[in-house]
Amino acid sequence: MDAATTPRADPVNGNVSFWFEAIGGRPPLRAALPGDTTADVCIVGAGFTGLWTAYYLKKADPSLRIVVLEREFAGYGASGRNGGWASGLLAGSRDRFAELYGVDATKAQQRLMHEAVDEIVAVGAAEGIEADVVKGGTIRIASSPSQVHRLTSGVTEDHRWGVTESRLLDDGELRERLRIPEALKASYTPHCARMQPARYVRGLADVVESLGVTIRESTAVTRIESGTAHTDRGVVRAPVILRATEGYTASLAGERRTWLPMNSSMIVTEPLPRSVWDEIGWNGGETLGDKCYSHMYGQRTADGRIAIGGRGIPYRFGSATDRDGATQEATIRSLTSILHRRFPATRGHRVEHAWCGVLGVPRDWCSSAVFDPATGLGHAGGYVGQGLTTTNLAGRTLRDLVLGHDTELTRLPWVGHTSRKWEVEPLRWLGVRSMYLAYSRADRKELAGRQRASRLARLADVISRRP
């Protein structure tokens with residue numbers, strides 16, 4: 001039997017993510033909170049936001065008693081399930097931030113996002129975190145005339161915001177880097193590093209712990225108030241309590257409508273043979289995106305697989321989240337179809353694993369870093385899918401805010417930014433579902449060449465108030 005007809009087992013679905021399976025599955029759990037305790041700083045959430053914040057605070061002041069509380073285990077959420085992009089994209093609308101806080105401040109945040117990519121690479125090297133990190137930049141492709149228009153407009157917008165390194169690729173350079181038959185045009189930016197995110201987040205957790213930070217796993221925080229974090233294992237009292245729960249924020253008392261938990265799903269192939277890579281190329285460690293409204297993202301992994309992601313069922317009623325990353329069979333089929341369309345040479349090769357996770361989306365699609373010295377409460381998040389790098393900027397920003405330092409970081413436009421709450425159910429569910437159905441139909445129409453600019457997509461933008 002040839003490869004195209006060889007029976008293939010169904011992919012593993014869930015088990016948190018392929019990234020964790022690749023490093024041995026679920027890690028041994030750290031001890032849970034043993035009962036009531038006190039600390040100088042309590043951080044809720046042991047993903048990248050919480051761990052980076054603990055890392056930079058402890059480095060700045062080794063005397064601080066810092067406790068990090070985590071319901072599952074460090075990296076369980078989006079930090080260990082994402083596409084492995086440490087991207088310099090600003091998490092939010094540059095136009096919206098500029099309208100509220102000024103052009104110069106917004107350009108400063110964009111510049112610091114680029115610097116954060118290099119900071120992540122540098123810290124990983126300095127701390128001995130082995131996570132397959134390669135700063136190869138990002139290629140973004142367009143597969144229809146309307147997508148080409150959005151692609152070229154995006155490069156123009158980048159230049160307006162000072163990102164002059166963003167550029168269009170000519171056909172010859174695109175073929176040298178990556179061969180995708182349906183790509184009509186492509187752009188490139190150097191501001192992105194590929195990584196294995198579970199390796200990095202677990203490595204960072206070990207580093208943070210070695211600095212003297214206490215990480216308590218299997219400890220569910222139910223409510224946060226000034227001076228107190230209430231858990232199912234006891235109470236932590238601290239003058240500073242920082243929420244770092246991103247897409248899981250809705251599970252906390254009083255936070256149901258703060259950030260919407262948006263679902264994103266991924267698949268990964270088996271290791272692909274040299275003959276497939278000879279046909280595809282993709283030897284520079286670049287991450288890959290497109291200009292579809294529903295957005296595809298991907299990477300070539302260090303062990304020769306293709307991992308790609310996109311929206312499945314974008315939102316679950318009542319801000320519910322998945323359990324252990326299991327996604328829908330229809331989503332697996334859809335992502336597999338995208339994989340085969342983008343890379344015909346992968347047909348006949350097995351999809352080995354599928355999973356999903358949630359990211360936090362504020363109502364205005366703009367991230368924030370907030371700290372109130374009067375109450376000692378703070379948070380960072382709402383990264384709208386750009387969290388792998390933004391978490392690092394958040395950790396350093398929260399450090400300066402907590403320590404009372406007046407720095408360039410504390411003057412950035414996202415500091416203190418607030419977004420209005422999402423609508424009550426069922427309006428929230430109806431709105432998000434309608435939005436992504438419209439985007440999906442717009443993509444199909446564009447790829448079929450039936451219209452240049454989609455009215456459906458413009459309608460979805462109005463529904464979502466998405467920038």
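For the single chain, residues carry numbers from 1 onward in sequence order.
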Ring geometry between W52 and Y200 (parallel below 30°, tilted from 30 to 60°, perpendicular above 60°): tilted
Geometric class of the H379/W259 ring pair [parallel <30°, tilted 30-60°, perpendicular >60°]: perpendicular
Side chains of [X] and [Y] only: does a donor on one sit below 3.5 Å from an acceptor on the other?
X: T287; Y: T138; answer: yes
X: T407; Y: D400; answer: yes
X: T327; Y: S265; answer: yes

T219 side-chain N/O to L33 backbone N/O, donor-acceptor pair under 3.5 Å: yes
Donor-acceptor pair, side chain of W85 and main chain of G298, under 3.5 angstrom: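 Answer holds: yes.
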So, [X] and [Y], do they make that salt bridge, N to O below 4.0 Å?
X: D118; Y: K135; value: yes
X: D324; Y: R81; value: no
X: E115; Y: R111; value: yes
X: E70; Y: R216; value: no
X: E225; Y: R223; value: yes
X: E408; Y: R411; value: no
X: D95; Y: R160; value: yes

Axial cation check for Y55 ring with R399, 6.0 Å and 45° limits: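 No cation-pi geometry.
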R363 to W422, cation-pi by 6.0 Å centre distance and 45° axis angle: yes
Between W161 and H159, ring centroids under 6.0 Å: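 Ring centroids of W161 and H159 are no less than 6.0 Å from each other.
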Proximity of F20 and F73 rings by center, below 6.0 Å: yes
Under the ring pair (Phe, Tyr, Trp, His ring centres under 6.0 Å) test, residues paired with F371 that sit two or more places apart: none
How many angstroms lie between [atom1] in [X] and [atom2] in [Y], if you round to the nearest 0.5 Å?
X: R233; Y: D36; atom1: CZ; atom2: CG; result: 13.5 Å
X: R243; Y: L252; atom1: CZ; atom2: CG; result: 7.0 Å
X: E246; Y: S367; atom1: CD; atom2: OG; result: 9.0 Å

I need the minimum non-hydrogen distance between [X] and [Y], along with the two atoms involved.
X: G395; Y: T53; answer: CA-OG1, 3.4 Å
X: A32; Y: S218; answer: CB-O, 3.9 Å
X: T389; Y: A86; answer: OG1-C, 2.9 Å
X: D322; Y: G357; answer: OD2-CA, 3.9 Å
X: N13; Y: A326; answer: OD1-CA, 3.5 Å
X: A354; Y: I267; answer: CB-CG2, 3.9 Å

Close side-chain approach of T390 to W414, heavy-atom, < 4.5 Å: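 In contact.
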Heavy-atom side-chain contact between Y297 and M266 under 4.5 Å: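 Yes, side chains in contact.
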Residue of the set T249, L260, N263 for which side-chain contact (heavy atoms from CB on, under 4.5 Å) holds with V358: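 Between V358 and the candidates, side-chain contact (heavy atoms from CB on, under 4.5 Å) is satisfied uniquely by N263.
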Salt bridge (Lys or Arg N to Asp or Glu O under 4.0 Å) between R94 and D158, intermediate numbers included: CA-CA 10 Å; R94 290 181 293 201; D158 279 345; 3.0 Å; yes
